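Working notes for the structure below.
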Amino acid sequence: MSVTPKKELAKAYAPQDVEKKWYDTWEAGGLFYAYRPDESPQDPTGRRAVDKAPFVVCMPPPNVTGILHMGHALNNTIQDTYIRYHRMLGHEALWMPGTDHAGIATQTKVEKQLKEEGLSRRDLGREKFLDRVWQWKHTHSDFIEKQLRALGCGPDWRRFCFTMDEGYYNAVIEAFVRLHEKGLIYRGKRIINWSPLAQSALSDEEVIYKETQGKLHFFRYPLIDRKADEPEYIVIATTRPETMLGDVAVAVNPFDERYQKLIGRKLMLPLMNREIPIIADDYVDKEFGTGCVKITPAHDPNDFEIGLRHNLPQLNVMYPDATINEQGGKYSGLDRYVARKKIIADLEELGLIEKIEDYTNSVGYSERGGEMIEPYLSDQWFVKMKPLAEPALKVVEDGLIQFHPERWINTYRHWMTNIRDWCISRQLWWGHRIPAWYGGSGEVFVGRTAEDARAKADAAGYTGHLHQDEDVLDTWFSSWLWPFATFGWPENTKDLQTFYPGNLLSTAPDIIFFWVARMIMAGIEFMKDLPKADGSPRTSMEDIVPFKHVYFHNIIRDQIGRKMSKSLGNSPDPIDLVQKYGTDAVRFTLLYLAPLGQDVRFGEESCEQGRNFANKLWNATRFVMMKRDEYQSNKSEPTFESEDTELLNSTSNEPRIQSNTKTGFTAKPATTLADKWILSRANKTAFGIKESLDNYLINDATKKLYDFIWKDYCDWYLEVVKLQPESTLLAVEILEGILRMLHPVMPFVTEELWHALTGNEESVLIGQDDYITSDEGKIDPEAEADFEFIQKIIEAARLLRANAKLTPSKPAKFILRLKNDSDHSLSKSARLIIERLCRAEALAIEVDGGGELSSNEYSSELLSGRGQIFMKLEVLSAEEAAKEQARIAKERERVSKQYQSLLSKLSDDNFVSRAPAHI
RNA sequence: GGGCAAUUGGCGCAGUUGGUUAGCGCGCUUCCUUGACAUGGAAGAGGUCACAGGUUCGAAUCCUGUAUUGCCCACCA
């Protein structure tokens, strides 16, 4: 047996010392790598089996531009915890990492940078501009990786994927072409949400509606050829006066008596001096405003529809930057808001303003840029969503994909059943360029490559020049392929066959539409035709959907309830917290505070709880190791044959843990009451944690760990171990199990302590060990009840001491009177524990039957009907005696009240007859 | 307008299918530096569980309504 120097643990846990060391060791040891069955295991420990069931999580790819905020920290901690947990359960755990090119966000940042140099993207040209963006991407993407590492996250870094990687790029193009071939992608002139800042279209999901204080303007449009009994003008109401430049009609309700006679007549559009008709349409609400609506088909989605019904022209009066174009007459060139002011002033001068009222309505803003979006008429590409949404809704309704918490299914259903077509073209350069080529007179050819498009054109008899669509695709049009494009789709790769479908998707509920729903659609649409590993078709939906469980975690808010965001600057940098409190502390705190789907207010001080917990565990280990040494040296003849030997001996160089030899806390039977109790508690906890984790109640699991470790193990069991050294080895074994049980949540401190405790070599990792399993045979309700009674006695005795203001150093004398024999012998057998934990100088244990002891001499506490404990009082001042009397009287009253209520219940026939017997 | 949630001691939150005395963390009070830990230990104060009805032997828990707050969706010029 070789002897290595014993490791002394420092008095307090210093995370910085251990985190980097272990992260590097994990990586060097290939801990994060996942293998296919056909790959030879490359793990240095050789523990990897090749036929393990995979457990796959695809990381929601953060924006390359991004800095991780607390929400990311939470989400990635959740994923890492599940990955580590399943790896320990024996799965081939794959966490697929990557980043998203984030079209608008990234392009905006680079354009901003250019602007500081006095340049625009058009000055550079497409190619040079894209070079700049790539440069920018390269300098920024490392940062996210660094942050994830600092959080202890261990995805399979070898597989890191970027949505603009060549393979992924091709997958996006392939998806577009296939959907186009199926007629699910089309091009059309529609009113879309226009972002004047990005000068691009946005999808409906990228628009945020906010109540906005504005004005409702009432304008007079003069009636042409007015008869004597007719009004001089028609009054219309609008919130966006500048759009009047594009008015092509005024609509009234066909059943509105006020205007019926005027239908078909003409009005003179002021300022523009254009004749526009009065038309009738059901859409108009007689009650609202004046009952007359100006119709601007090019600048309002409803007006657009009306325009189509009435065959009206679509007059676009704005440039893409939301300045008025040449159609706007003398307002041409003005910004939309400047034009608005001028139009109002001009109408005022003409006496054509009836009134202007304050008005609050809901206005759309760009999610990214924050500016007001402009409904705008333009040619865009759309995905037909209904055919995709129907099966995607069904798999969730049928439970093939489960949402946690379940209620999100309502939101999902609502969106899926009211779904509208998805505008996927963006007028940007950074992204996947739309694979459509145009001929000189409106011909459109969609192909995988320019050659492909050329061939199609030739086949169609078009020989002229082709030019590719300038636009790129919505970022989410690439993200929705994430669960399979990361594994090489459209090729039917071995990775894809092994690791699709995934198991868990963890995300914040705010991207349920953007991403979750669309991934489900894409998974069903694109994976259903791809054969499985054995060549058989995917006939079961279970093999087609991209994941089985979706965990919607909470949104982290600041202490006054605001969503944490970069723009508000109210999110602490997770890395600062990690440095201040330790990674494990931050992880624990986030998981502890992360109830299922309930928003959480986060203040950085809450990390103290996690830090303290890590420190508690550290010191418990320190103590147990000290006790073990003590026990070992006191033992005259160590039993080398016994299975304790290696646990006893922390200097062994042989890895103690052999795969699957021991998954529970101990193989040995427990002897003392405390031993039985802690084993029962430990196994119950292990059982509960598995249950919580498997049901995605992750905060429950952390709470169970915390309570068991701190209260049961440290506060009670270790105190008992101080009194009964024969429990030392069990304490070691339980602790070893605790470390394994806690490891997925707090990987660093548990790894460090596990090695200190077991003496395992650095290359043997706790994360490769088996997760603790509960042995239900060790759950012992009787032992738990018995030990709880002992705890109750001790607590009662401590209370007596505290009330009598006895300092701990002063000994006390107790008399314990118990009603039945079993309690009597129970407490006698636990006499030592009771005496020492309540610092009794003397403890008399009696069978109840003696008379009441004088309350001048004794203070007492009741033991839930099973007996009473008395403490002999020292000299008591009259004042103190009175106080004590009062307290006892109060206590007596409370108990008798409770007793009375119980009595009355029991004498109530209703209760006795209806309540179940055990009550 | 439609939908989803929340309302529990000073603050932040648990409380799973209804069942004896409603828990936890922080904060507060008192005592304790006793050989794991003061990032600790012991004890304590503090809640008629938003409100009003109802179901039940029994309600924080189930039902109805009201109020307040938050979020999502839709949107009338």
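Source: prediction; values computed, not measured.
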### Nucleotide-level pairing of RNA chain B, given in dot-bracket where Watson-Crick and G-U pairs need both distances under 3.5 Å and | marks other strands
(((((((..((((.....[...)))).(((((.......))))).....(((((..]....))))))))))))....

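When the nearest nucleotides of RNA chain B are assigned to A/Glu287 and A/His414 by heavy-atom distance, the more 5′-ward of the two goes with A/His414. Comparing A/Asn410 and A/Ala614 by the nucleotide of RNA chain B whose heavy atom lies nearest to each, the residue mapping closer to the 5' end is A/Asn410.
Applying the 4.0 Å criterion to OP1 and OP2 of B/A38, one finds that A/Lys11 has a side-chain N or O inside that range. In this structure, A/Trp710 reaches the B/G41 phosphate: one of its side-chain N or O atoms is under 4.0 Å from OP1 or OP2. Between B/G41 and A/Lys616, a contact under 4.0 Å exists linking OP1 or OP2 to a side-chain N or O. Close to B/C75, at under 4.0 Å from its OP1 or OP2, lies a side-chain N or O of A/Arg420.
Comparing the C1' positions of B/U34 and B/A42 gives a spacing of 12 Å, expressed to the nearest Å. For the C1' atom pair drawn from B/C62 and B/U55, the interatomic distance equals 8 Å after rounding to whole Å. With both ends at atom P, the span from B/A14 to B/A5 equals 15 Å, rounded to whole Å. With both ends at atom C1', the span from B/G18 to B/U61 equals 6 Å, rounded to whole Å. Nucleotides B/C28 and B/U68 have their P atoms positioned 36 Å apart, rounded to a whole Å. Using atom C1' as the reference point in both B/G23 and B/U8, the two lie 10 Å apart (nearest Å). Atom P of B/G46 sits at a distance of 43 Å from the matching atom of B/G3, rounded to the whole Å. Nucleotides B/C11 and B/G27 place their C1' atoms 8 Å apart, quoted to the nearest Å.
The nearest whole Å value for the distance from the CD atom in A/Glu211 to the C1' atom in B/A74 is 12 Å. Spacing between atom CD1 of A/Ile191 and atom P of B/A77 amounts to 15 Å, rounded to whole angstrom units. The separation between A/Tyr717 atom OH and B/G41 atom C1' is 20 Å, rounded to whole Å. Rounding to whole angstrom units, CD1 of residue A/Ile208 and P of B/C71 are separated by 12 Å. The distance between atom OH of A/Tyr209 and atom P of B/G3, rounded to the nearest whole Å, is 21 Å. The nearest whole Å value for the distance from the NZ atom in A/Lys703 to the C1' atom in B/G23 is 9 Å. Following rounding to the nearest Å, A/Asn615 (CG) and B/C37 (P) show an atom-to-atom distance of 10 Å.
The number of heavy-atom neighbours closer than 6.0 Å to OH of A/Tyr359, taken from other residues, nucleotides and ligands shown, is above 12.
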### Task
Verify side chain to side chain donor-acceptor pair (under 3.5 Å) between A/Asn193 and A/Asp204, making sure each step is shown before the conclusion.
CA-CA 7 Å; A/Asn193 305 294; A/Asp204 295 337; 3.0 Å; yes

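For A/Thr238, whose side chain is taken as the heavy atoms from C-beta onward, the closest listed nucleotide among B/G44, B/A77, B/A14 is B/A77. In this structure, the nucleotide among B/A36, B/A43, B/A77 sitting nearest to the side chain of A/Ala620 is B/A36. Taking only side-chain atoms of A/Phe513, from C-beta outward, the nucleotide of B/C73, B/A42, B/A77 with the closest atom is B/C73. Closest contact between the side chain of A/Arg407 and the listed nucleotides B/A77, B/C75, B/C4 involves B/C4.
In this structure, A/Asn361 reaches the sugar-phosphate backbone alone: every heavy-atom distance under 4.0 Å involves primed, P, OP1 or OP2 atoms, never a base. A/Glu719 comes within contact range of at least one nucleobase, with a heavy-atom separation under 4.0 Å. Residue A/Arg839 is in base contact, counting any heavy-atom pair closer than 4.0 Å across all strands shown.
For the pair A/Lys792 and A/Glu795, the salt-bridge criterion is not met [side-chain N within less than 4.0 Å of a carboxylate O]. The pair A/Lys355-A/Glu357 meets the salt-bridge criterion, with a side-chain N (NZ, NE, NH1 or NH2) lying under 4.0 Å from an Asp/Glu carboxylate O.
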So which protein N/O to nucleotides 25-33 of chain B N/O distances come out below 3.5 Å?
{"unit_1": "B/G25", "atom_1": "O2'", "unit_2": "A/Gln609", "atom_2": "OE1", "d": "3.2"}

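For the pair A/Ile689/A/Thr702, no side-chain contact is recorded, criterion being any heavy-atom separation below 4.5 Å from C-beta on.
At a cut-off of 3.5 angstrom, counting only N and O atoms as typed in the model, there is a donor on one side and an acceptor on the other between the side-chain of A/Ser362 and the base of B/C75.
The ring of A/Phe513 has its center closer than 6.0 angstrom to the ring center of A/Trp415. Within the 6.0 Å centre-distance limit, the rings of A/Tyr706 and A/Phe588 are counted as a close aromatic pair.
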